[in-house]
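Chain identifiers are assigned alphabetically (A, B, ...) following the order of the sequence lines, protein sequences preceding nucleic acid strands; residue numbering begins at 1 within each chain.
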Amino acid sequence: MSVSVTRDRRLRIPLKATYKIIITNPDGSIAQVIEGKNDDPFTYSFVWLFYGSLIAPSQPTDIPDVAGTELFLFTPAVPTSYQGAAAAIPYPASLSAS
Amino acid sequence: MNCPGTPNAPYAVKLPGIWLFSTPFSGQPMVSSIYSYLITPITYYTPSISPSISATVGATNTITITQNFTNTSGSPITIYSFAVVAALYPVTSSGLAGTPYFIDIAYFNLSTAVVWSPAAGMTVQASFQVPT
């Protein structure tokens, strides 16, 4: 039997991040399996990438790359005059609804 | 050389995917804080991604990244955490730069440290279930 519930009554499942690690012996047999989860998996940089992807910030934001280099995120393009480490989120600012 | 949009950092691992660390994340979860603990005397193989996305109302979509590793160090390695790292290619006036920046997207602290023996293989899977 199936039970149908409306969307606002359904248990909401947030973003869920899980992992599984499988270690194998040199002969290919499985030596160990480890599983776990992280309910809040996102890093500092991801939050700013997400933000920059949603809108076109008026000011560039800086995030560290994995090695610690400060990387400036421009939208929609890196100004030609800027000489530092930078990347662009090519937000289609010139598009408009018609 | 410091050209605009050109990465300068000589990364120890050259491909995006899952990066392994010999210390856990704490405080602000940033790979740059524990970059010196990146486990490098091993082989990182190219990851694969399996999306299962239907994105209808009420559906749960799953994206799984899988990567294989081999301990070629000759010694046991203890793993405390790993990160999912993306490659961000700078846009230049002549197109995409040939070398990416690597940006950490997600992190996982292992509930128990894993001791990884020499010559043993390892597969790590990270799955993200995204409800719509």
Side-chain angles (χ1 to χ4, degrees), chain A residues 5-7 10-38 40-50 63-74 76-90, chain B residues 2-13 18-19 25 28-33 35 38 57-58 60 64 66 79 82-86 88-93 97 100-112 114 116-117 119-131:
Chain A
V5 295
T6 57
R7 179 176 171 80
R10 192 183 332 118
L11 177 64
R12 296 298 297 144
I13 302 171
L15 187 146
K16 182 180 176 184
T18 59
Y19 66 85
K20 178 186 283 189
I21 298 174
I22 304 167
I23 296 178
T24 52
N25 296 314
D27 65 0
S29 60
I30 293 176
Q32 189 178 8
V33 177
I34 302 114
E35 295 183 83
K37 67 174 183 175
N38 183 357
D40 303 302
F42 294 115
T43 61
Y44 174 92
S45 297
F46 175 81
V47 176
W48 285 106
L49 278 173
F50 185 57
I63 59 174
D65 74 348
V66 293
T69 300
E70 286 296 315
L71 175 63
F72 278 80
L73 293 173
F74 287 91
V78 179
T80 54
S81 58
Y82 186 76
Q83 296 297 306
I89 299 173
Chain B
N2 192 23
C3 297
T6 303
N8 296 311
Y11 299 110
V13 174
I18 294 170
W19 290 18
F25 287 86
Q28 285 188 324
M30 305 162 72
V31 161
S32 58
S33 299
Y35 184 69
L38 177 66
V57 171
T60 296
T64 299
T66 303
I79 303 165
F82 67 89
V84 176
V85 173
L88 194 65
Y89 282 83
V91 179
T92 69
S93 57
Y101 289 106
F102 289 116
I103 305 293
D104 44 310
I105 297 296
Y107 74 101
F108 294 83
N109 282 334
L110 306 186
S111 53
T112 304
V114 173
W116 186 22
S117 301
M122 185 168 67
T123 301
V124 179
Q125 286 185 336
S127 292
F128 300 89
Q129 294 182 7
V130 185

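- Interface remark: Ile21(A) contributes backbone and side-chain atoms alike to the contact with chain B (heavy atom separation under 4.5 Å).
- Only the side chain of Ile34(A) comes within contact range of chain B, judged by heavy atoms closer than 4.5 Å.
- For a residue to count as touching a neighbouring chain, one of its non-hydrogen atoms must lie under 4.5 Å from one of that chain's; by this rule Asp40(A) touches chain B with the backbone only.
- Looking at Phe25(B), neither its backbone nor its side chain comes within 4.5 Å of chain A, counting heavy atoms on both sides.
- At a 4.5 Å heavy-atom cutoff, Leu38(B) makes no contact with chain A through either its backbone or its side chain.
- For the pair Phe82(B) and Leu110(B), the minimum side-chain heavy-atom distance is below 4.5 Å.
- Leu49(A) has its side chain within reach of Ile105(B): a pair of non-hydrogen atoms, C-beta onward, lies under 4.5 Å apart.
- Highest contact tally toward chain A, considering only Val124(B), Ile103(B), Thr112(B), is held by Ile103(B) [criterion: heavy-atom pairs under 4.5 Å].
- Between Val84(B) and Ala126(B), the shortest heavy-atom contact is CG2-CB, 4.2 Å.
- Among the candidates Tyr107(B), Phe128(B), Phe108(B), Tyr35(B), the residue making the largest number of heavy-atom pairs closer than 4.5 Å to chain A is Tyr107(B).
- Across Thr24(A) and Met122(B), no two heavy atoms sit closer than the pair OG1-N, 4.2 Å.
- Of the listed residues (Ser117(B), Ala86(B), Ser32(B), Ala119(B)), the greatest number of heavy-atom pairs within a distance under 4.5 Å of chain A belongs to Ser32(B).
- Using a 4.5 Å cut-off between heavy atoms, Ile30(A) does not touch chain B at all.
- Aromatic pair Phe50(A)/Phe42(A): centroids not less than 6.0 angstrom apart.
- For chain B, the option among Ala17(A), Ala31(A), Ser81(A), Gly68(A) with the highest count of heavy-atom pairs below 4.5 Å is Ala17(A).
- Of all non-hydrogen atoms in Thr69(A) and Ala85(A), the two that sit nearest each other are CG2-CB, 4.0 Å.
- Between Phe102(B) and Val13(B), every side-chain heavy-atom pair lies at or beyond the 4.5 Å cut-off.
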